[in-house]
Amino acid sequence: MTALAEIRNLTMHYRRDGTEVTALKGISLDVVAGERLAIIGESGSGKSTLALAIARLLPASARVEGRIDWFLESTGKASAKTPPSALPGISPPRGEIELSSRLSPITSIVGRAPAARLPISPLEGEMSGRTEGGVTERRTSAIGGPRQPLPGRDIGFVFQDPSASLDPVMAVGKQIAEVARTHLGLDWPQAYARAKHLLERVRLPDPASAIRAFPHQLSGGQKQRVAIAAAIAAGPKLLIADEATSALDTIVQAEIVALIRQLVIEDGMTLLFISHDIALAAELAERIAVFRNGELVEIGATAQIVNAPSHAYTRALLDAHLGLDASPLLRRTPA
Ligand SMILES: Nc1ncnc2c1ncn2[C@@H]1O[C@H](COP(=O)(O)OP(=O)(O)OP(=O)(O)O)[C@@H](O)[C@H]1O
Ligand code: NI
């Protein structure tokens, strides 16, 4: 198992009305390359904050401690297709630092050689005992080594409300093509060809005409398919779906979950699936992390979390769900 990202002792505070809200408390977990990892927990438990921290999209006022180490190959799928001119006129190392300071105070330290990536557990032990008297590592600049992820190129993001992530006055084909153009350095005809192919892959009916459709001409589920196409247009390593199906009715929800699973497997992506719905998470994920009040309550293989949770809170989540709709969970229970 190779880590795509190692999150260590991540603590995150928002400032609101002069007071600080601690949204994440000392989170340490690995996102394993190629896995489907679900983050579950009730409203306000810090799920979205974790996703934003990983994608480095936190508001500038957010205060971050801890670190996220990335293990992206410098000659990955997306970057291999990316001529230097497609990057915004800067070399990747400078881009990393600029991006970090512009989008969020979190900067990650990536200095270990690829060969040093595998043995993660000794480091974890070392880190957990290392408080360093509250020393904040967030000001440390990225220092050499593999590159930092670029949102849009290395990380695709799908949110709950597709209307919020789609431009209402731009044809959906152009919105997808623009992602491919920006991050893959394609010209417009190439980018449109890719957009059309992506609309086929997300199974939008009649992709040839859908490419010219505007978001308001599509249903909620169709808009979410477009948002997914845009999110994967640059061939990201990591797809983050934050309550991506929560606004959809049950049947469409199941279709979108199946679509996400298929695309993730076909493209060899890593998936971070954020949901308050443990049954939905269990349908899709290989591992589940349970959050509560900004803390990681437990993390484990889906079958273990669902069938033999070690924490009372997880059991309560399961019980609450069993009362509502037991079938998806019961299907997973071994006979
Ligand atoms: N921009 C913000 N400014 C101030 N506080 C925030 C901000 N965003 C989130 N919070 C607070 O941080 C905590 C964690 O919120 P977060 O959105 O990460 O939870 P969540 O698990 O994603 O919840 P939900 O299921 O409702 O989406 C909450 O207490 C929330 O009120
Ligand atoms: Ni959220």
Side-chain angles (χ1 to χ4, degrees), residues 5 7-29 31 36-66 68 100-106 138 151 155-165 220 224 227-228 231 238-250 253 256-257 260 271-285 287-299 305 309 311 313-314 316-321 324-325:
I7 299 165
R8 290 295 176 272
N9 227 0
L10 189 69
T11 294
M12 227 291 307
H13 318 270
Y14 289 109
R15 255 187 301 275
R16 188 164 52 194
D17 308 329
T19 57
E20 274 199 343
V21 178
T22 304
L24 294 175
K25 298 169 191 164
I27 303 300
S28 295
L29 67 88
V31 179
R36 299 190 300 276
L37 172 64
I39 309 286
I40 64 162
E42 62 198 290
S43 185
S45 56
K47 307 182 297 293
S48 296
T49 301
L50 179 72
L52 293 173
I54 288 173
R56 303 197 299 161
L57 294 171
L58 286 168
S61 62
R63 197 159 65 78
V64 182
E65 296 154 38
I68 302 178
S100 301
S101 54
R102 185 161 46 87
L103 290 175
S104 103
I106 189 166
R138 70 198 156 100
I155 304 177
F157 224 119
V158 185
F159 297 97
Q160 175 169 341
D161 178 8
S163 301
S165 50
Q224 199 57 296
I228 291 169
L238 175 65
L239 181 65
I240 300 178
D242 187 353
E243 303 281 6
T245 64
S246 302
L248 306 169
D249 68 54
T250 317
Q253 196 170 50
I256 297 290
V257 164
I260 291 174
L271 176 68
L272 202 62
F273 185 79
I274 294 170
S275 180
H276 60 271
D277 187 333
I278 193 167
L280 209 59
E283 286 282 296
L284 190 53
R287 285 204 304 158
I288 296 180
V290 183
F291 275 66
R292 183 195 197 184
N293 294 334
E295 285 172 290
L296 176 61
V297 171
E298 68 177 303
I299 181 167
I305 295 289
H311 201 282
Y313 177 69
T314 310
L317 279 182
L318 287 162
D319 291 345
H321 198 280
L324 299 171
D325 174 14

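One-based numbering, in listed order, for ligands and for the atoms of each.
- The nearest protein atom to atom 23 (O) of ligand 1, hydrogens excluded, is given as Gly44 N, 2.8 Å; this is a heavy-atom distance.
- Near Ala23, meaning under 4.0 Å from any of its heavy atoms, are these atoms of ligand 1: 12 (O), 13 (C), 14 (C).
- Here Ser48 reaches the Ni ion (ligand 2): one of its N/O/S atoms is less than 2.8 Å from the metal.
- Of the protein's non-hydrogen atoms, the one nearest atom 17 (O) of ligand 1 is Ser48 CB, 3.8 Å.
- Using a 4.0 Å cutoff on heavy atoms, Gln160 does not count as a contact of ligand 1.
- Ligand 1 is never approached by His276 to a heavy-atom distance shorter than 4.0 Å.
- Side-chain atoms of Ser275 never come within 3.5 Å of backbone atoms of Ile40 as a donor-acceptor pair (strictly under, hydrogens ignored).
- When only non-hydrogen protein atoms are considered, atom 30 (C) of ligand 1 lies nearest to Arg16 NH1, 4.4 Å.
- The line from CD of Glu283 to CZ of Phe273 is 9.5 Å long, rounded to the nearest 0.5 Å.
- Summary of contacts: the protein heavy atom closest to atom 25 (O) of ligand 1 is Lys47 NZ, 2.8 Å.
- With no hydrogens or angles considered, no side-chain donor-acceptor pair links Tyr14 and Thr22 at under 3.5 Å.
- Taking every non-hydrogen atom of Glu42 and a distance limit under 4.0 Å, the qualifying atoms of ligand 1 come out as 21 (O).
- The closest heavy-atom contact to atom 26 (O) of ligand 1, among the options Ser43, Gly46, Gly41, comes from Ser43.
- Between the CG atom of Leu248 and the CD1 atom of Ile256 there is a distance of 6.0 Å, given to the nearest 0.5 Å.
- The line from CD1 of Ile228 to OG of Ser165 is 10.0 Å long, rounded to the nearest 0.5 Å.
- A donor-acceptor pair under 3.5 Å is formed between the side chain of Lys47 and the backbone N or O of Glu42.
- Between Pro59 and ligand 1, no N or O atom pair is found at a separation short of 3.5 Å.
- Scanning the protein for heavy atoms near atom 29 (O) of ligand 1, the closest one is Val21 CG1, 3.8 Å.
- A side-chain donor-acceptor contact under 3.5 Å links Asp161 to the backbone of Ser163.
- Between the side chain of Glu243 and the backbone N or O of Phe159 there is no donor-acceptor pair closer than 3.5 Å.
- The closest protein non-hydrogen atom to atom 2 (C) of ligand 1 is Tyr14 CD2, 3.5 Å.
- Note: Leu272 CG to Leu239 CG = 9.0 Å, rounded to the nearest 0.5 Å.
- Considering only non-hydrogen atoms, atom 18 (O) of ligand 1 lies nearest to Thr49 out of Thr49, Leu24, Leu50.
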